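Nothing here was measured: the structure is a model prediction, and the numbers come from that model.
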Amino acid sequence: MPGTTPQPTSATRTRSWWGWGWADAHPDDAECAAMGALIPGTLAHPMPVPRVHDLGIERPAVEPPASLAHLVAADPEDRAAHAMGKAYRDIVRALRGRPGRVPDLVARPTDEREVADLLDWAGERQVAVVPYGGGSSVSGGVEYRGDAHRAVLSLDLTAMGRVLEVDTAGLAARIQAGTLGPGLEDQLRPHGLTLRHFPQSFEFSTLGGWLATRAGGHYATGRTHIDDFVQSLRVVTPAGTSASWRLPASGAGPSPDRLFLGSEGALGVITEAWVRLQRRPSHKASASLAFTDFRAALDAVRALAQSDLSPANCRLLDSGEAALSGASHDGSAVLVLGFESADGPVDARLAEAVDLARSHGGRGGAAGEAGGGGADAAVSAWRSAFLRMPYLRDGLARMGAVAETFETAATWDRIPGLIEAVRREVGEAALKGSGHPATVNCRLTHVYPDGAAPYFTVLAAGRPGDEVAFWDDLKAVAGEVLHRHRATITHHHAVGRDHRPGYDRQRPDPFALALRAAKDALDPRGILNPGVLVG
């Protein structure tokens, strides 16, 4: 069934060029000051919101040919908005007026042929091409660093934002890579179907971005990554277009899709994908349980992950994270559970999960219809905080505070020691570097029978004028802890440029050799997202 609905746009709201999300959703100066007052050592007044005019952006170093000029823009604000992602270090650099290398041009192709034409031109002129979806990268994945190329082109795919076909019998759809999360779901809704991949960046990220970064999504168990939904990919490379077959499964050698999933635009530009869908859930229920003992809570989550209950939501917040989100005010850790189905009630499965958690020391667990008037208060508080947190992070950055997150994954036997070591060593490094104590909280976002994904939040006073270097120091300490515990450098936020040192240590040498060979073969002129994955 063909799809023709265009990607919806907002006629009344504008994206912040320097910070997260909508420009009108950021905390005002008074709210920033109130938040900063809670962290000793922060600034007395918030830093001003940066202006593009103050960046002194120079004229582009190249001009596109007449045949491509209609696809390319050189507006300073457009270029500034495409200069970086949305990590803490990106926000601080914008606040300090130091965004780094601003792209010379921003291109918005509307189809695959135009993508290929832009790559051909860029290769001829030695212009670096940085593929760009929603720009929500938090690992330095959408910026250019260095000076090896004469110019930089940001390749914005959001003009390719349509659901092209829907196979209702096979529960799948062919979707263009530039489709933003809300537009994707809006176009599937009339068919009664959903991809149901909801990362925190859902509103401001694209299908292609999810695929290129192997993004984690809505489900805490089972189908946790976008990989699990992929049937086939189309990828434009300087060496030609790769188009894999649409299949339910295949044992025919190494998977071509696996080569491009997580490749972050370094091997090619993902232009569309067939993805697996499901019927929209009509039955949902949620509950929360409090734990006095965090280790007991970990045991409860492991038992749930190793059961056949498969909760959609199974997130454990330590006491600090629970307090920060408003899910708990008595020092308890909180386990948030949720179930959903398109086929029938889920109350019995939720009740069984609650009983299992109670057997490990959990308290409470009264169920409520998720999103409804009877929803558990802790669940509602967590959900609201989850969506609001990136805006508050930017407000704290304006106060000179470090407010950032990082995530990992490890096997269950390593999880307790890993969490304790990160809390202790990152906290000690923050105290040494700033002279003020830091808060290091943890939550489990995704859980598996054999392990879990801890997600850490760091809140600390920064070093005024030196915030980026301070955070990089803390991130380096965290990376050493992860490496020592054989935990991955990233569970779902991609490698980008910020995680390259950890990724280089984690991957096997023969695989690194093969990846470099693939890069040389597919991108012989080295124009695609230079510095990502391979040197």
Side-chain angles (χ1 to χ4, degrees), residues 1-10 15 64 67-73 78 81-82 85 103 105-122 129-137 141-142 153-167 172-189 195 197 199 201-213 215 226 229-238 240-244 246 257 260-261 263-275 277 527-529:
M1 184 181 300
T4 58
T5 305
Q7 179 154 258
T9 59
S10 172
R15 289 278 303 272
S67 61
L68 299 175
H70 64 292
L71 303 175
V72 177
D78 201 8
H82 286 76
L105 301 168
V106 177
R108 291 182 172 85
T110 61
D111 59 32
E112 199 171 88
R113 179 68 261 168
E114 292 173 350
V115 172
D117 289 344
L118 286 161
L119 292 186
D120 287 344
W121 167 73
V129 177
V130 180
Y132 188 99
S136 60
S137 170
V142 295
L153 174 74
S154 178
L155 189 67
D156 187 319
L157 275 294
T158 54
M160 299 171 62
R162 290 191 301 142
V163 174
L164 299 173
E165 295 182 61
V166 177
D167 176 2
R174 181 166 70 98
I175 305 174
Q176 289 183 308
T179 309
L180 289 158
L184 185 153
E185 289 294 333
D186 287 347
Q187 293 176 70
L188 294 177
R189 190 170 289 108
L195 177 61
H197 180 79
S201 63
F202 170 76
E203 193 175 6
F204 308 108
S205 55
T206 63
L207 173 63
W210 302 339
L211 297 166
T213 61
I226 192 65
F229 298 94
V230 174
Q231 279 189 331
S232 68
L233 299 178
R234 285 186 67 87
V235 186
V236 175
T237 82
T241 298
S242 172
S244 61
R246 180 190 169 202
D257 295 334
F260 295 107
L261 287 168
S263 63
E264 301 189 49
L267 303 180
V269 180
I270 298 171
T271 56
E272 64 180 60
W274 273 98
V275 292
L277 307 176
I527 62 168
L528 285 175
N529 217 3

> Where do L261 and I270 land on the side chain to side chain contact (heavy atoms under 4.5 Å, CB included) test, with the steps shown first?
Replying inline: CA-CA 9 Å; L261 287 168; I270 298 171; 5.7 Å; no

> For the residue pair Y132 and V142, what are the closest heavy atoms and their distance?
Replying inline: CD1-CB, 4.0 Å

> Only one of V72, D117, V115 clears side-chain contact (heavy atoms from CB on, under 4.5 Å) with P109; which?
Replying inline: V115

>> Measuring from atom CG of L164 to atom OG1 of T179, what distance do you get when rounded to the nearest 0.5 angstrom?
In response: 7.5 Å

> If every non-hydrogen atom of L211 is compared with every non-hydrogen atom of A273, which pair is closest and at what distance?
Replying inline: CD1-CB, 3.8 Å

>> Could you measure the distance from the CG atom of D111 to the CE atom of M160? Nearest 0.5 Å is fine.
In response: 6.5 Å

> Do H70 and E114 pass the side chain to side chain contact (heavy atoms under 4.5 Å, CB included) test, and can you show the C-alpha distance, the side-chain angles, and the key distance before you say yes or no?
Replying inline: CA-CA 11 Å; H70 64 292; E114 292 173 350; 4.0 Å; yes

>> List the residues meeting side-chain contact (heavy atoms from CB on, under 4.5 Å) with A122, not counting sequence neighbours, and say none if there are none.
In response: V127, V129, I527

> CD1/I226 to CG/L207 distance, rounded to the nearest 0.5 angstrom?
Replying inline: 6.0 Å

>> Run the side-chain contact (heavy atoms from CB on, under 4.5 Å) test against R246 and tell me which residues pass, sequence neighbours left out.
In response: D167, A172, Q231, S232, W274

>> Could you work out, with side-chain hydrogen bond (donor to acceptor under 3.5 Å, both in side chains) as the rule, every residue matching S154, not counting sequence neighbours?
In response: none

> Got a donor-acceptor contact below 3.5 angstrom from the R108 side chain to the A73 backbone?
Replying inline: no

>> Assess the residue pair I175 and Q187 against the criterion (side chain to side chain contact (heavy atoms under 4.5 Å, CB included)); give the C-alpha distance rounded to whole Å, side-chain angles, the decisive distance to 0.1 Å, and a yes or no.
In response: CA-CA 10 Å; I175 305 174; Q187 293 176 70; over 6 Å; no

> So which heavy atom on P64 is nearest to which on A69, and how close?
Replying inline: CG-CA, 4.1 Å

>> Students often mix this up, so state it plainly: with edges at 30° and 60°, are the rings of W210 and H197 parallel, tilted or perpendicular?
In response: tilted

> With sequence neighbours excluded, what pairs up with S137 under the side-chain hydrogen bond (donor to acceptor under 3.5 Å, both in side chains) test?
Replying inline: none

> Do L267 and F260 pass the side chain to side chain contact (heavy atoms under 4.5 Å, CB included) test, and can you show the C-alpha distance, the side-chain angles, and the key distance before you say yes or no?
Replying inline: CA-CA 7 Å; L267 303 180; F260 295 107; 4.0 Å; yes

> So, do L528 and V269 sit near enough that their side-chain heavy atoms are less than 4.5 Å apart?
Replying inline: yes

>> Taking side-chain contact (heavy atoms from CB on, under 4.5 Å) as the definition, give me every residue that meets it alongside L188, ordered by chain and number, with sequence neighbours left out.
In response: V163, V166, A173, L184, L195, L277

>> Suppose we screen for side-chain hydrogen bond (donor to acceptor under 3.5 Å, both in side chains). Which residues come up paired with D156, at least two apart in sequence or across chains?
In response: H82, T158

>> Please report the interatomic distance CD(Q176) to CZ(R234), rounded to the nearest 0.5 Å.
In response: 11.5 Å

> Atom CG in N529, atom CG in L155: separation rounded to 0.5 Å?
Replying inline: 10.5 Å

> Between A107 and L153, which heavy-atom pair has the shortest distance, and what is it?
Replying inline: CB-CD1, 3.7 Å

> So how far is it from L68 CG to L118 CG, rounded to the nearest 0.5 Å?
Replying inline: 5.0 Å

